Amino acid sequence: MAISLDFSGKVAVVIGGTSGINRGIAELFAIHGAKVAVASRKQEKVDDTVARLQQLGADAMGFVADVRELEALEAGLQTVHERFGDFDIVVSGAAGNFPALANDLSGNAFKSVVDIDLRGTFHVMKAIYPHLKKPGASVINISAPQAFIPMKAQLHVCAAKAGVDMITRTLALEWGAAGVRVNSVVPGPIDGTEGMARLAPDENIRKMVARSVPLGRLGTPEDVGKVCLFLASDLGSFVTGTILPVDGGWSQNSCGGMSDYLGAAAARKPAG
Ligand code: NAP
Ligand code: COA
């Protein structure tokens, strides 16, 4: 049987899908025929992304919600369900990051990242479940190498993303019986993104990072999106509960010198 990457008639929802990697994923689903909905905090980013998805030929919509607010997510997802029907694919990728040493993190700083990345993922999972196609839906959580590679100045992110991966693995157990697959995709260093701008703010560091990737280059949002297409398609029909790095081998290399670089840079810079 020839397997198709045509997502015509399928519904893809990308939470945090209005910039960077997640927007790249939303665009790839649009190019491959899916109806696409995106959500994030800022109306102008939602509007700009919906316009782009429509330009790519997709039936597209969006809504504003902060993943820290379960009710706002539930209300927005209800509007998507009313227009598009059951969700075939959900990508959950809203996240926040800044480098700061553990001793410089206030309680609120730690909480803000845990609230967005970890509690936000729980909220997304809880709010989507009633609307998922059962059987058949594919849920993809966007994680990070910090989930399993400890990194200086990233304690908050390491803790939050490790939790995200355990949400993935636990839901794979609980939702498997309903025919819902849940996987984590772990981007490596992705060029031109907010995440890279925050962790690797100058060209020299970006070159150092690229050299430390076994495949010798930074990734692109499309590299990550292609793996999401695979997981959401029939190619991934027996894959659930996996934590799948899309990082050119970077995590096999303990993310090169990133930990020491971030630790030294954060020690030089006062927090805030
Ligand atoms: P980004 O451009 O900042 O994307 C974050 C997205 O989430 C935006 O659409 C943002 O839109 C939304 N968002 C942020 N906080 C939110 C909240 N509280 N509620 C709802 N939406 C929220 O970042 P990125 O660098 O592309 O990263 C995307 C994902 O990849 C993240 O999960 C990140 O941890 C992961 N990742 C990135 C890299 C990398 O190299 N960049 C590496 C590994 C993992 P609004 O501002 O409108 O809310
Ligand atoms: N170092 C130390 N603490 C920091 C910090 C930094 N660089 N940046 C923010 N904080 C602290 C703040 O001081 C505050 O703590 P306080 O109340 O004790 O002073 C706490 O974190 C929350 O900051 P605030 O700006 O109110 O949070 P927010 O909820 O508006 O935004 C962030 C959340 C901080 C994660 C923000 O950077 C964000 O919205 N990021 C989304 C985009 C992003 O990070 N993309 C990359 C994804 S990998």
Side-chain angles (χ1 to χ4, degrees), residues 14-26 38-50 62-70 72-73 76 91-121 123-124 127 140-149 151 153-158 160-161 164-165 184-201 206 209-210 213 218-221 223-225 228 243-248 250-251 255 258 262 265-266 269-272:
V14 186
I15 306 296
T18 62
S19 59
I21 296 170
N22 305 326
R23 174 162 159 160
I25 295 168
V38 291
S40 77
R41 294 168 300 177
K42 299 189 189 93
Q43 185 72 56
E44 64 276 16
K45 285 176 74 173
V46 170
D47 292 344
D48 183 71
T49 305
V50 169
F63 65 90
V64 168
D66 190 316
V67 293
R68 290 171 282 195
E69 291 160 18
L70 177 59
L73 266 178
V91 178
S92 176
N97 193 359
F98 49 80
L101 291 170
N103 288 341
D104 295 326
L105 278 176
S106 69
N108 196 40
F110 181 79
K111 179 177 182 294
S112 71
V113 169
V114 169
D115 273 357
I116 300 170
D117 294 25
L118 179 55
R119 218 167 120 258
T121 302
H123 286 161
V124 172
I140 298 167
N141 289 318
I142 304 300
S143 183
Q146 290 91 323
F148 49 93
I149 305 285
M151 236 180 243
Q154 291 284 274
L155 172 130
H156 43 325
V157 177
C158 292
K161 290 289 196 181
V164 169
D165 285 350
S184 281
V185 162
V186 184
I190 305 300
D191 205 10
T193 59
E194 184 61 29
M196 273 299 277
R198 288 175 181 226
L199 299 190
R206 274 192 291 284
V209 172
V213 174
L218 300 177
T220 65
D223 287 322
V224 182
C228 294
I243 312 300
L244 180 47
V246 184
D247 66 354
W250 200 45
S251 55
C255 302
M258 200 62 184
L262 285 175
K269 206 168 77 177

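Indexing begins at 1, ligand by ligand and atom by atom, following the structure's order. Positions are given from 1 along the sequence. Note that the coordinates shown come from a computational prediction; the quantities given were computed from them, not determined experimentally.
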**Student:** What's the separation between atom CZ in F148 and atom OG in S184, rounded to the nearest 0.5 Å?
**Tutor:** 9.5 Å
**Student:** Of the options D223, V224, L218, which is the one that meets T220 in a side-chain contact (heavy atoms from CB on, under 4.5 Å)?
**Tutor:** D223
**Student:** From atom 43 (C) of ligand 2, work out which of A100, A95, G93 has a heavy atom at the shortest distance.
**Tutor:** A95
**Student:** What part of R68 sits under 4.0 Å from ligand 2 if we count only heavy atoms: the side chain, the backbone, both or neither?
**Tutor:** side chain
**Student:** Just which atoms of ligand 2 are under 4.0 Å from any heavy atom in R41?
**Tutor:** 39 (O), 41 (C)
**Student:** I'd like to check D191 versus M196 (side-chain heavy atoms, cut-off strictly below 4.5 Å). Are they in contact?
**Tutor:** no
**Student:** Hey, is K42 touching ligand 2 through its side chain, its backbone, both or neither, going by heavy atoms under 4.0 Å?
**Tutor:** neither
**Student:** Using a 4.0 Å cut-off on heavy atoms, what residues surround ligand 1? Order them by chain and number.
**Tutor:** G16, T18, S19, G20, I21, N22, S40, R41, K42, K45, A65, D66, V67, R68, G93, A94, A95, I116, I142, S143, A144, P145, K161, P187, G188, P189, I190, T193, E194, G195, M196
**Student:** Can you tell me how far the CG atom of L199 sits from the CE atom of M258, to the nearest 0.5 Å?
**Tutor:** 4.5 Å
**Student:** Under the side chain to side chain contact (heavy atoms under 4.5 Å, CB included) rule, collect the residues that match up with A39, sequence neighbours excluded.
**Tutor:** I15, F63
**Student:** For S106 and ligand 2, does the shortest N/O to N/O distance drop below 3.5 Å?
**Tutor:** yes
**Student:** Atom CG of D117 and atom CD1 of I142: how far apart are they, to the nearest 0.5 Å?
**Tutor:** 12.0 Å
**Student:** Just wondering, do V67 and R41 contact through their side chains at under 4.5 Å, heavy atoms?
**Tutor:** no
**Student:** Determine whether the side chain, the backbone, both or neither of I116 has a heavy atom under 4.0 Å from any heavy atom of ligand 2.
**Tutor:** side chain
**Student:** Hey, is ligand 2 close enough to D104 that some N/O pair sits below 3.5 Å?
**Tutor:** no
**Student:** Which is it for E194 and N97 under the side-chain hydrogen bond (donor to acceptor under 3.5 Å, both in side chains) test, yes or no, and what are the steps along the way?
**Tutor:** CA-CA 9 Å; E194 184 61 29; N97 193 359; over 6 Å; no
**Student:** Counting only heavy atoms, which portion of A109 has something under 4.0 Å from ligand 2: side chain, backbone, both, or neither?
**Tutor:** both
**Student:** Which distance, rounded to the nearest 0.5 Å, do you find between the NE2 of H123 and the CD1 of I116?
**Tutor:** 12.5 Å
**Student:** Distance only, no hydrogens: is a donor on one side chain within 3.5 Å (strictly under) of an acceptor on the other, for S143 and D165?
**Tutor:** yes
